[in-house]
Amino acid sequence: MPGVVIVGAQWGDEGKGKIVDLLAEQFSIIARYQGGANAGHTVVVGEETFKFRLLPSGILDAGKLCVLGNGVVIDPEALVGELDELEGRGRSAAGLRISGNAHLVMPWHRIIDAQSEVRLGPLQIGTTKRGIGPAYADKASRLGIRVQDLLDRGILREKVAAALALKNEQLERIYDHASLDLDLLMADLDVFAGRLEPYIADTSRLLDTALRAGEPVLFEGAQGTLLDLDHGTYPFVTSSNPIAGGACTGTGIGPTRITSVVGVAKAYLTRVGSGPFPSEADPERGLRLRTIGAEFGTVTGRERRCGWLDMVGLRFASRVNGMTGLVLTKLDVLTGFEQIPVCVGYRLRDGLVVDDFPAHQSDFHHAEAVFSELPGWEEDLAGVRRFEDLPANARAYVEWVEAELDVPVELVGVGVRRDQILSPPGRTTFALTTR
């Protein structure tokens, strides 16, 4: 399994970080390929909880190389803060490698992101206001500042000055915001550059060398399929490509290097921010799911909207990612529901019921979920350590999802700890550990 992509199969927040952390010891390199500090991974190791925004989840596995690929937009202040916190807790970041081609999130990006949301009013997208979208926009406009620019302070100052001339005009005239000072910006960047310089590398070459040598590499995506800029529920999407294909463009490796794609999905569904949500639960049961599942954003703390597993969206995720396996997380949150609704189709405005994801946004925005109900269970799953020991209805739920999706369920999560991940019999894609 030289090249394995772990991809979110829903609207993000599926538990990818925990899965990557669990599997990290089986891989030589863990590489993150897109997104920025708007993504959040929560990893529980023993009695310790780690919350990452930029660092790949595998950084906790000592001795591993962890790559931030060229497709990631990096807030240097946020990354330095994460490094300081990690090392302050006795963990090493020596394995970190940062692509010199990755773009930086600059202070003006955060300001413009926040101000743009205010100006949109009721049409707000629901961004995290971390500057991610504006950073990707400047990348596409060829006005971006890259990580490699930190290595040459002269070039860095020239590029920042050129960008700042335009950005200050925007801040003052469009957003009625004070201009930013070049010298103050450069003083901060000088500090960040000194801290990050040891980690900057040609990560595309590093990954290619490892893959050619047969070393296993795990590619980690942020957010999820339905937030993909091209294939998600536009315009309520992120600014990059979380789908598996993004692993190639976001790290500089060819598609033939990818041998398998494993989607991660919750046993139910959540969404942060604005946008349609056909399988959203009623307020009472939505609150119950949110409370039991602790559904609050890792980065923002925002409440997540909660609903039922959407097989229409999951089949779409399987298609656009070419999923070869599925990890189903947080099955334990469904304990106590007598009947569990599952979305099996969408009813469109003309009354037609479809089981394929609509190609046009107007159809999706007005779609109503068509539900089937599966029998629930009352037993607590927290202490279960073998898939075979799950209650019959919990096993049946997983097996139903597998049959409907026609993709093998490789792992099932029943809690937040590493030892609460179960593997159905006969699945050999990943050999589980309980570190």
Quiz prompt | Side-chain heavy-atom pair V7, V262 within 4.5 angstrom cut-off | solution = no
Quiz item: Between G12 and L227, what is the shortest heavy-atom contact and its length?
Solution: N-CD1, 4.4 Å
Quiz item: Taking the side chain from S141 and the backbone from L143, do they hold a donor-acceptor pair closer than 3.5 Å?
Solution: no
Quiz item: For the side chain of T225 and the backbone of G8, is there at least one donor-acceptor N/O pair under 3.5 Å apart?
Solution: yes
Quiz item: Quick one: are L314 and L405 in side-chain contact, heavy atoms under 4.5 Å?
Solution: yes
Quiz item: Roughly how far apart are I111 CD1 and M106 CE, rounded to 0.5 Å?
Solution: 11.0 Å
Quiz prompt | Backbone of G3 reached by a side-chain donor or acceptor of T259 within 3.5 Å | solution = yes
Exercise. Output yes when a side-chain donor or acceptor of Q34 lies under 3.5 Å from a complementary backbone atom of A222, and no otherwise.
Key: yes
Exercise. Just jot down the side-chain contact (heavy atoms from CB on, under 4.5 Å) partners of L185, sequence neighbours excluded, or say none.
Key: P107, W108, V160, L164, L180
Practice problem: Could you list the residues that satisfy side-chain contact (heavy atoms from CB on, under 4.5 Å) with L206, not counting sequence neighbours? | Solution: I29, L65, V67, R97
Exercise. Could you label the plane-to-plane angle of the Y397 and W377 rings as parallel, tilted or perpendicular, counting under 30° as parallel and over 60° as perpendicular?
Key: perpendicular
Practice problem: Determine whether P391 and L381 make a side-chain contact, defined as any pair of heavy atoms from C-beta on separated by less than 4.5 Å. | Solution: yes
Quiz item: Where the side chain of T324 meets the backbone of V261, is there a donor-acceptor pair that is under 3.5 Å apart?
Solution: yes
Exercise. Please lay out, stage by stage, how S274 and F236 fare under the test side-chain contact (heavy atoms from CB on, under 4.5 Å).
Key: CA-CA 7 Å; S274 305; F236 304 100; 3.6 Å; yes
Quiz prompt | Sub-4.5 Å side-chain heavy-atom contact between W400 and R395 | solution = no
Quiz item: Partners of K266 by salt bridge (Lys or Arg N to Asp or Glu O under 4.0 Å), sequence neighbours excluded?
Solution: E295
Quiz item: Out of curiosity, T329 OG1 to I19 CD1, how far, rounded to the nearest 0.5 Å?
Solution: 7.0 Å
Practice problem: Report, as yes or no, whether the 6.0 Å neighbourhood of atom CZ on R89 holds more than 12 heavy atoms from other residues, nucleotides or ligands. | Solution: yes
Exercise. Calculate, to the nearest 0.5 Å, the distance between atoms NZ and CZ belonging to K18 and F50 respectively.
Key: 15.5 Å
Quiz item: Taking it one step at a time, do R385 and D389 satisfy salt bridge (charged side-chain N to carboxylate O under 4.0 Å, His left out)?
Solution: CA-CA 7 Å; R385 294 296 176 269; D389 295 333; over 6 Å; no
Self-check item: Sequence neighbours excluded, every pair satisfying salt bridge (charged side-chain N to carboxylate O under 4.0 Å, His left out) that has a member inside residues 229-247
Solution: none
Quiz item: Does a side-chain N-to-carboxylate-O contact under 4.0 Å join D113 and R130?
Solution: no
Quiz item: How would you list, by chain and number, every residue that makes a side-chain hydrogen bond (donor to acceptor under 3.5 Å, both in side chains) with S318, sequence neighbours excluded?
Solution: none
Quiz item: Okay, side chain of N321, backbone of M323: is any donor-acceptor separation there less than 3.5 Å?
Solution: no
Exercise. Determine which pairs satisfy salt bridge (charged side-chain N to carboxylate O under 4.0 Å, His left out) with at least one residue from residues 150-159, sequence neighbours left out, and list them in order.
Key: D149-K159, R153-D190, R157-D183
Quiz item: side-chain contact (heavy atoms from CB on, under 4.5 Å) between R304 and R290: does it pass, once the steps are laid out?
Solution: CA-CA 7 Å; R304 295 172 183 151; R290 183 183 307 116; 5.5 Å; no
Practice problem: Locate the shortest heavy-atom distance separating P278 from W11; write the atom from each residue and the value. | Solution: CD-CH2, 4.5 Å
Quiz item: Do NZ/NE/NH1/NH2 and the carboxylate oxygens of E87 and R195 come within less than 4.0 Å?
Solution: yes
Quiz prompt | Residue pair L54 / G36: nearest heavy atoms and the distance that separates them | solution = CD2-C, 3.7 Å
Exercise. Could you check F219 against I6 for side-chain contact (heavy atoms from CB on, under 4.5 Å), going step by step and ending with a plain yes or no?
Key: CA-CA 6 Å; F219 296 92; I6 301 293; over 6 Å; no
Quiz prompt | Least distance between heavy atoms, A135 atom then L104 atom | solution = CB-O, 4.3 Å
Quiz item: Considering residues at least two apart in sequence or located in another chain, which fulfil the salt bridge (Lys or Arg N to Asp or Glu O under 4.0 Å) criterion with E402?
Solution: R427
Self-check item: Heavy-atom closest contact (Y346 atom, G313 atom, distance)
Solution: OH-N, 4.1 Å
Exercise. Say whether, by atom type as modelled, one donor and one acceptor occur between the side chain of Y199 and the main chain of A94 under 3.5 angstrom.
Key: no
Practice problem: Report the C-alpha distance between K330 and Y268 in whole Å, list the side-chain angles of each, state the deciding distance to 0.1 Å, and finish with yes or no for side-chain contact (heavy atoms from CB on, under 4.5 Å). | Solution: CA-CA 8 Å; K330 304 187 84 165; Y268 51 103; 3.3 Å; yes
Exercise. Report the residues that fulfil salt bridge (Lys or Arg N to Asp or Glu O under 4.0 Å) with R319, sequence neighbours left out, ordered by chain and then residue number.
Key: none
Practice problem: Identify, with sequence neighbours excluded, every residue that meets salt bridge (Lys or Arg N to Asp or Glu O under 4.0 Å) alongside R305. | Solution: E280
Quiz item: What's the verdict on salt bridge (charged side-chain N to carboxylate O under 4.0 Å, His left out) for D356 and R315, showing C-alpha distance, side-chain angles and the deciding distance?
Solution: CA-CA 8 Å; D356 285 323; R315 281 191 291 267; 5.3 Å; no
Quiz prompt | Sequence neighbours excluded - salt bridge (charged side-chain N to carboxylate O under 4.0 Å, His left out) pairs with any residue from residues 133-145 | solution = D138-K167
Quiz item: So which heavy atom on L96 is nearest to which on P56, and how close?
Solution: CD1-CD, 4.4 Å
Quiz prompt | The single option from Q361, H365, R271 passing side chain to side chain donor-acceptor pair (under 3.5 Å) against T233 | solution = R271
Self-check item: Under 3.5 Å: donor-acceptor pair, side chain of K64, backbone of E25
Solution: yes
Self-check item: Qualifying residues under side-chain contact (heavy atoms from CB on, under 4.5 Å), relative to E77, sequence neighbours excluded
Solution: D75, R110, F192
Quiz item: Taking T335 for the side chain and D332 for the main chain, is one N or O donor matched with an acceptor at less than 3.5 Å?
Solution: yes
Self-check item: Rounded distance (nearest 0.5 Å) linking atom CZ of F337 with atom CG of L374
Solution: 13.5 Å
Quiz item: Looking at E85, R32, E82, which hits side chain to side chain contact (heavy atoms under 4.5 Å, CB included) with F52?
Solution: E82
Practice problem: Would you indicate whether the side-chain heavy atoms of L86 and L55 approach each other to under 4.5 Å? | Solution: yes
Quiz prompt | From CG (N241) to OH (Y33), nearest 0.5 Å | solution = 9.0 Å
Listing, residues 245-257 side-chain donor-acceptor contacts under 3.5 Å, not counting sequence neighbours, or none:
unit_1, atom_1, unit_2, atom_2, d
T249, OG1, G246, O, 3.4
T251, OG1, A247, O, 2.5

Quiz item: So how far is it from L309 CG to L334 CG, rounded to the nearest 0.5 Å?
Solution: 8.5 Å
Self-check item: Backbone N/O of I98 and side chain of T203: donor-acceptor pair under 3.5 Å
Solution: no
